[in-house]
Each structure stands twice: as structure tokens, then as C-alpha cells.
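Accompanying notes for the structure given below.
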Amino acid sequence: MTQTTESAAARNEDRPADRTPSRGPSRLRIHRAWIVAVVTFVTIIGGAAFNSLPGLLIDPLHTEFGWSRGEIGLAVSIDMALYGLTAPFAAALMDRFGIRRVVVVALTTVAAGAFASVWMTASWQLMIYWGLLVGLGTGSMALAFSATVTNRWFVARRGLVTGILTAAGASGQLIFLPLCAWIVEEHGWRPASVTVALAALVVVPFVWLLMRDHPADVGLAPYGGGYVEKPAPARGAAARTVRVLVDAARTGPFWLLAGTFAICGASTNGLIRTHFVPSAHDHGMPITAAASLLAVIGVFDIIGTVFSGWLTDRFDARRLLAVYYALRGISLLFLPMLMAPTVHPPMVFFIVFYGLDWVATVPPTLALCREQYGEDSAIVFGWVLASHQVGAALVAFLGGVARDVFGSYDMVWYASGALCATAALMALVIRRKAETPEPVVLTGTG
């Protein structure tokens with residue numbers, strides 16, 4: 001009797017909650033997948049606190065310790081590179097140990113790195129605390145985390161959910177950038193570091209209590225799909241991750257996706273997030289004003305990314321990527337002419353424009369990974385994300401070196417604009433994989 005009841009419940013869950021016909025008194029039912037998505041969103045916001053701080057620390061650390069911008073940029077580049085290189089292994093570890101455990105350990109690790117940095121006195125310590133610990137921790141909560149959650153919990157609305165979860169990073173930037181900028185200016189960089197560490201620790205119980213690893217853990221089907229038994233823990237996570245890389249590296253689309261995403265990272269995290277504030281400060285703009293502009297990017301990033309997810313469900317992902325990169329490259333070419341001591345309308349237009357395009361590339365890139373690599377797409381996307389962060393790491397470091405050598409960031413803006421044009425061309429030559437028929441899931445909508 002119990003098995004029959006459970007089977008009936010499982011069949012009912014095959015239907016999205018908002019499309020299930022009701023009889024008798026109606027009651028709103030929210031599929032558990034959306035609760036998991038909210039937990040994921042909040043977790044990514046907590047992790048975004050750490051990504052908001054490096055650009056604010058360059059000038060204070062240079063002033064207090066006399067470290068060159070190249071040294072500080074090297075620490076940031078280690079953080080970004082490890083963020084990316086950890087991501088594919090984190091996706092495999094989530095398959096082995098579960099999402100909850102991996103994310104809780106990651107949040108604790110980044111909090112430890114941020115707390116330890118308060119007592120550092122040498123640049124090598126910055127590279128250990130912020131480069132190594134924070135990089136490993138945040139990498140475990142990278143976009144591969146979003147891809148794993150989306151792939152397990154959603155069949156319908158995947159593009160939309162991807163866009164929403166990607167926008168969580170921008171939401172965190174919107175919250176923490178102005179706050180951290182004010183703390184740095186009024187109280188110094190150490191209290192800001194403690195603030196972001198506490199933000200990570202606050203999220204830990206939220207993840208442990210509400211996150212679930214798989215729909216089958218609570219007897220449900222993925223949203224919009226049929227019931228699937230929870231697979232056994234995948235052993236040999238590291239070996240599987242490397243094996244997936246080797247297989248994917250034999251295909252042309254992987255290198256094109258990795259190349260375009262490397263340029264994406266170079267022109268966002270490596271360039272704007274790391275060097276926009278010190279560059280604006282070079283032109284006389286207060287740190288708080290420059291940080292507020294980055295926060296505004298976060299506002300429009302949310303809009304642009306969610307809209308990009310909606311577009312990805314409807315249009316060719318390759319053409320979307322080409323348009324995104326082309327527009328980003330054009331905007332970067334104009335940026336050196338817009339730098340000024342005060343915020344003026346052309347700069348605001350750039351911020352809005354760039355914000356809409358910031359990580360709009362993620363939903364179509366993930367969709368192409370899913371199209372090309374199927375069940376391994378989350379791990380493949382992790383490796384593609386690794387290239388994103390390697391590109392970001394190179395520009396974070398080279399941008400600081402260029403500032404030390406040339407006395408300005410102008411050359412970096414122009415070079416990044418040219419790279420974005422190259423990415424637009426690369427996106428157009430990605431070949432579409434021949435589609436295979438998928439089983440039809442009846443939703444009973446009539």
C-alpha cells in the first residue's frame with residue numbers, strides 16, 4: 001500500500017506544479033526545485049562577497065605595505081585561476097559527496113582565508129590567504145555549482161534558471177561592493193575582509209538545512225521532467241574529471257567555447273572587476289563612487305543575464321554569443337575617453353550597457369556545453385569556466401603590470417576590446433551537434 005502511494009506521488013511530481021490540473025479547492029504548490037534554486041542563489045550571493053573585494057584592496061595594500069600593483073595583481077590572479085581550475089573537480093566532488101557537503105566546506109575555507117588575511121604582513125601571505133584558500137573555496141561554488149543544481153533539479157526552464165543563478169553573483173556585487181567600499185574608506189581594509197568572511201559563515205546553516213542533493217532525496221521528479229532514481233555516488237571524482245577533459249579536448253567545440261570564455265573572463269573579472277576602481281581613482285574619482293558604478297553594473301547584470309537565459313531558450317546560442325562579445329568589445333574601446341573625476345552621463349551609459357552584457361554569455365555557453373556533451377556537460381562547463389578564470393587571472397596580473405609600466409590602463413582597455421571582437425568570430429564557427437530524438441514526457445495538460 002505504501003509503495004503504491006509513493007508511486008502515485010512520484011507520477012504526480014512528473015508534472016510541473018504550476019501546470020497540474022486541480023480538482024476541488026485549489027492550493028498553490030511550489031515545486032521543491034525552486035526552493036533549492038533560492039538556496040543556491042543565496043549561497044552564490046554569499047560567495048560573491050569575496051569577488052567584490054580585490055579591486056578595492058589594490059590601493060590600500062599598495063599604500064600600507066608598499067607592494068607593487070603587479071604583486072597584488074598576482075595574488076588576485078592566483079585566486080581567479082584556482083577559482084576556475086577547482087570548478088570542474090568541484091562538480092565531480094558534488095557527484096561523489098553531495099552538493100551540501102562540498103558547499104559547506106567551501107564556505108568555511110573562504111571564511112578562514114579572509115579572516116587570516118587580517119594579520120598578514122608580507123605579499124606571499126596575501127597569495128596564500130586570498131590566492132590559495134579563497135580561490136579554492138570560491139572555485140567550489142563557481143558556476144559549475146549552478147550547472148549541477150540546474151541539471152539535477154530542472155528539465156523545463158533550464159535557460160531561465162541558469163540566467164537567474166548566474167545573476168546571483170551580480171546581486172552579491174550589488175550588495176557588497178558599496179558596503180565594502182564604504183568600510184575600506186572609513187575603517188580600512190581589515191574590517192572589510194572580516195565582513196565578507198562573516199557573510200560566508202552566515203550562509204552555512206542555510207545551506208545545510210535547506211539544500212538537497214537530488215530530487216529523489218525527497219521523492220520528487222525534476223521540475224518539468226520524469227522521476228529519476230538518485231544515482232550511486234560516483235567514485236574516482238578526480239579521475240572522472242580528467243577523463244571528461246581528455247574526451248572533450250578531442251573536439252573542436254570545446255576549444256572554441258574555452259577560448260571565447262577565456263576572453264569573457266579577461267574582459268570582466270580580470271579587467272573591470274579588478275582594475276576599474278583603481279583606474280577611475282587614477283582619474284580623480286573617489287573609491288566609493290567608482291565602487292558604486294560597479295554595483296550599478298550588478299543591477300543591470302541581473303536584468304541582462306536573466307533576459308539572456310530567456311533568449312537562450314528561444315534562439316541560436318552561437319549567434320547570441322557573437323552579438324554579446326561584439327557589443328562588449330565596442331564598449332571597451334570607448335572607455336578610456338569616459339574616465340573623469342566625476343560621474344557623467346556617458347559613463348553611466350557605459351555602465352548600463354556593460355552591465356547588461358556582463359555575464360549574459362553564461363546561459364548560451366552552458367546551453368552549448370549541454371548540447372555538445374550531455375551528461376558530462378556540468379564537468380565540461382567546469383573546464384570551460386577554468387579557461388574563463390585563467391583569462392581573468394592573466395589580465396588581473398598583466399593589467400597591474402601595465403599600470404606600473406605605462407602609468408595608465410588605456411592599453412589594457414584597447415587590447416581587451418580587440419580580444420572581444422575575436423571571441424565574436426570564434427562563437428560563430430562553433431558547429432551544432434546533430435540532435436537525437438528525446439523521449440517525450442507527457443504532462444497531462446490536455
Side-chain angles (χ1 to χ4, degrees), residues 44 48 51 80 83-84 87 142-147 150 158-171 173 253-273 297-298 300-332 352-373 377-378 380-393 395 416-430 432:
I44 295 172
N51 296 327
M80 291 183 174
Y83 176 97
L143 291 172
F145 169 37
S146 302
T150 304
R158 276 180 173 172
L160 177 62
V161 174
T162 299
I164 292 172
L165 294 183
T166 303
S171 301
Q173 177 176 295
F254 173 79
W255 293 106
L256 291 169
L257 288 168
T260 55
F261 223 41
I263 294 172
C264 178
S267 56
T268 53
N269 292 354
L271 183 65
I272 298 294
R273 179 170 287 166
I297 283 182
F300 289 94
D301 181 13
I302 297 170
I303 299 170
T305 307
V306 173
F307 184 54
S308 177
W310 183 85
L311 290 174
T312 302
D313 287 333
R314 291 161 174 79
F315 298 101
D316 187 341
R318 299 169 304 158
R319 294 181 180 178
L320 290 176
L321 285 178
V323 172
Y324 295 158
Y325 286 121
L327 293 176
R328 183 182 300 179
I330 292 171
S331 65
L332 284 173
V352 172
F353 188 85
Y354 210 82
L356 291 171
D357 193 44
W358 181 265
V359 284
T361 55
V362 172
T365 300
L366 181 53
L368 288 171
C369 285
R370 193 179 294 122
E371 173 189 307
Q372 296 285 338
Y373 304 106
S377 62
V380 173
F381 182 71
W383 284 114
V384 172
L385 177 63
S387 71
H388 180 281
Q389 294 306 115
V390 169
V395 171
S416 296
L419 282 175
C420 288
T422 303
L425 296 176
M426 292 170 65
L428 289 175
V429 299
I430 298 174
R432 300 202 66 170

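A pairwise comparison of heavy atoms in T260 and A427 identifies CG2-N, 4.0 Å as the closest pair. When all heavy atoms of W255 and M426 are compared, the closest pair comes out as O-CE, 4.4 Å. Contact detail for A423 and I263: the closest heavy-atom pair is CB-CD1, 3.8 Å. Between A326 and A424, the closest heavy-atom pair is N-CB, 3.9 Å. Between C369 and V380, the closest heavy-atom pair is SG-CG1, 4.3 Å. Across all non-hydrogen atoms, the minimal contact from L327 to F353 is O-CE2, 3.4 Å.
Dense packing is recorded around CH2 of W310, with more than 12 heavy atoms of other residues, nucleotides or ligands lying under 6.0 Å away.
Rounded to the nearest 0.5 Å, atoms CG (L332) and OG (S416) are 6.0 Å apart. Annotation: the span from L366 atom CG to T150 atom OG1 amounts to 7.0 Å, rounded to 0.5 Å. L368 contributes atom CG, which lies 11.0 Å from atom OG1 of T361 (distance to the nearest 0.5 angstrom). Rounded to the nearest 0.5 Å, atoms CG (L419) and OG (S267) are 8.0 Å apart. C420 contributes atom SG, which lies 14.5 Å from atom OH of Y324 (distance to the nearest 0.5 angstrom). Summarising the geometry, atom CG belonging to L256 is positioned 10.5 Å from atom CG belonging to L428; distances are rounded to the nearest 0.5 Å.
Two residues are said to be in side-chain contact when any heavy atoms from C-beta on lie closer than 4.5 Å; H388 and T268 meet this criterion. Looking at L257 and F381, their side chains never come closer than 4.5 Å, going by heavy atoms from C-beta outward. C264 has its side chain within reach of Y325: a pair of non-hydrogen atoms, C-beta onward, lies under 4.5 Å apart. Between F300 and D357 the shortest side-chain heavy-atom distance does not fall below 4.5 Å.
Between the side chain of T312 and the backbone N or O of S308, at least one donor-acceptor pair lies under 3.5 Å.
By the 30° and 60° cut-offs, the orientation of the rings of Y373 relative to F254 is perpendicular.
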